[in-house]
Amino acid sequence: MKRVYAREEFCAGCKLCEVHCAVAHSEYPDDIIKAFLKQKVKPTPRVLVEENQPISFALQCRHCDDAPCTKACISGAMQKDPLTGVVINDESRCVGCWTCILVCPFGAVQRDAGGHKVASKCDLCSTNGGLPVCVQNCPNDALVFTDELWGR
Amino acid sequence: MTLSLSTPDFLIERNRDRCINCRVCVRQCANEAHIWDEEEQRVKSDDALCVDCQRCVTLCPTHALTIRKYPLEFRENANWSANAIKAIYKQAESGGILLTGMGNDQPYPIFWDHLLLNASQVTNPSIDPLREPMELKTFLGRKPEKLMMRDGKLVEDMPPQLELEVPIMFSAMSYGSISLNAIKSLAAAAEKTGIMYNTGEGGLHKDLYKYGKNTIVQVASGRFGVHPQYLEAGAAIEIKIGQGAKPGIGGHLPGEKVGLEVSQTRMIPEGTDAISPAPHHDIYSIEDLRQLIYSLKEATQYRKPVGVKIAAVHNIAAIASGIARAGADIIAIDGFRGGTGAAPLRTRDNVGLPIELALAAVDSRLREEGIRNQVSLVIGGSIRNSADIVKAIALGADAVYIGTAALISLGCHLCQKCNTGKCNWGIATQNPQLVKRLNPEIGAERAANLISAWEHEIKELLGGMGINAIESLRGNRLMLRGIGLSDRELSILGVMAAGE
Ligand code: SF4
Ligand code: SF4
Ligand code: SF4
Ligand code: SF4
């Protein structure tokens, strides 16, 4: 399946990926200013830039083949789509027990800052059908979206 | 001294209606002009630290930023400009010489802008480059006095030539003065477009050997990184005598920029200053230069053209004639607007000659002496666009070097702070955190695009003149007319006045 891979050597540490991810998953996906200034709770990104300069790279859910979060999920909210391979949290079923957060080996699941008490994670922008917004907006091509296995 | 008299040069304007406090600007400004205020949970700025590189402006996702000239004005004084006063404050505080980067920014005349090109009307047809073939291929190197053929073959071997698809090359910029990612961008772009890049005096990094056939290796007064494989690696060798931004002064790379890789490439200890002597201490005359030229030819079995690069200075024509007679295959002349990674401000802004005048004077002199065929002429020093190139070729150049324009294609915003090592665009820096910002894949594409774009424009301009090969334009000053120039300037340029 297609995944987002980080090219650490070109990550400028700007965190524009985080900004645009937060906007895309906010109440105002088409208006960056409203997403940040009008929405009551600050939008949370689902990609996180890990850094210890000069090293930095963007990390999001790896959509693992054998995803621990889907096995640990107590309500069946966290599911791996058998067709696309994308691991998605069905927020209507998520009870906010944070078990997935505990088991994710990458730290890719977070609590939703919106107080929804749901787990929030990368969905590969599966609703827009195109390039994930982090990849689209990285100014230095430090993120690639490909089905080749990178870095192995 | 607690009170500094220096005031900011630029003003950072943040539109608070648009700013989302994402802190992208804070992370991108290596000068730390944007600051995150933890208590207020918002971004603020320190104008005094801004150098107007526009990295933050370009990356701000909401276009909330503008950089302006700082509005504070000194009492009007035609003699004492703000720059003149501020320079004194600075020196009164530092006691040192003023350093800067990039080329001369003073308002001297730009002769390119006083030269107009011809076009065909009625009496000879213009050519449409989209329909008809157009030749820009250029060979640099000594051309034989005459061609003798026997059985359909040349009797004498052609002297070694550099072959260019377009008469443009990336000028010398050393590893050290610019980042490895910047050099990789230019090297890959040169390979893609069939031109050359130049190592500068910093040696050849191991990752760059694969670009050998598109490389000119330089030998400068510090002889950094010069060894047999290095001389063999390139397609040509260039002896650097001087550069336009600082004629008479050698390069100086401060020890902070000499990290492990730079030290290995330059073959000097890590952390030591890399100081190139002002002259080559084995070249005090044309005869000495001849020795070095022939030593390098000997070392490479006469298989590679050897060029000599000099800065345009008074008497340039006589100097160039001497260099031609010393056996150089290519003479590169760098005008006073040529860029640099670091130069004393007063030298940069007051020493040298406009390249247009130098080129015309040298080409005329070599023709008069009947030795123009012995050398190719390459000129540089602020070629800004394809029209400048066409004018340069018509004035007598065989090809041009572009340095500043090439860096601008990679993202350089001409903030002139190359000497600080804090280039926010990852170009003139060795700081790994900043170097990462320049992805050489993107850089190579941008630089190659620039060359292709200019290639199209040169063909367009040639076609308009009814010329289908760049060779027919070379030294064809009848295609030029001067406008707004004195008789003396017209005669040095060897062109007629517009209307004549
Ligand atoms: S947008 Fe790209 S360069 Fe910026 S932090 Fe994210 S991955 Fe790194
Ligand atoms: S959330 Fe973590 S465990 Fe689940 S698929 Fe993504 S990376 Fe794997
Ligand atoms: S990058 Fe732009 S939006 Fe983000 S904090 Fe800076 S000025 Fe504000
Ligand atoms: S120095 Fe460059 S990045 Fe920093 S504030 Fe000024 S323009 Fe922006």
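Worth knowing before you read on, the calculation uses all heavy atoms, side chains too, and leaves out hydrogens, waters and symmetry mates. Treat the numbers as computed from the prediction; the structure is a model and nothing was measured. Lettering of chains follows the sequences in order, A, B, ..., and the numbering in each one begins at 1.
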Pairwise distance CG(B:N439) to SG(A:C138) - rounded to 0.5 angstrom: 8.5 Å

From B:Q28 CD over to A:L16 CG, what is the distance, rounded to the nearest 0.5 angstrom? 7.5 Å

What I'd like to find out is whether the side chain of A:C14 reaches to under 4.5 Å of the side chain of B:R437, using heavy atoms alone. no

A side-chain contact here means heavy atoms from C-beta on lying under 4.5 Å apart; do B:R27 and A:K15 qualify? yes

By a 4.5 Å heavy-atom criterion (distance strictly below it), what part of B:L434 contacts chain A: side chain, backbone, both, or neither? neither

Rounding to 0.5 Å, atoms CD (A:Q53) and CG (B:N431) come to a distance of 9.0 Å

As an exercise, state the distance from CD1 of B:I20 to CG of A:L37, rounded to the nearest 0.5 Å. 7.5 Å

Enter the distance from B:D17:CG to A:I33:CD1 here, rounded to the nearest 0.5 Å. 8.5 Å

Side chain proximity check, A:E51 to B:Q433, heavy atoms < 4.5 angstrom: no

Are A:E18 and B:R23 within salt-bridge range, i.e. N to O under 4.0 Å? no

To the closest 0.5 Å, what do you measure between CD1 (A:I32) and OG1 (B:T62)? 6.0 Å

What part of B:C19 gets within 4.5 angstrom of chain A, counting heavy atoms only: side chain, backbone, both, or neither? backbone

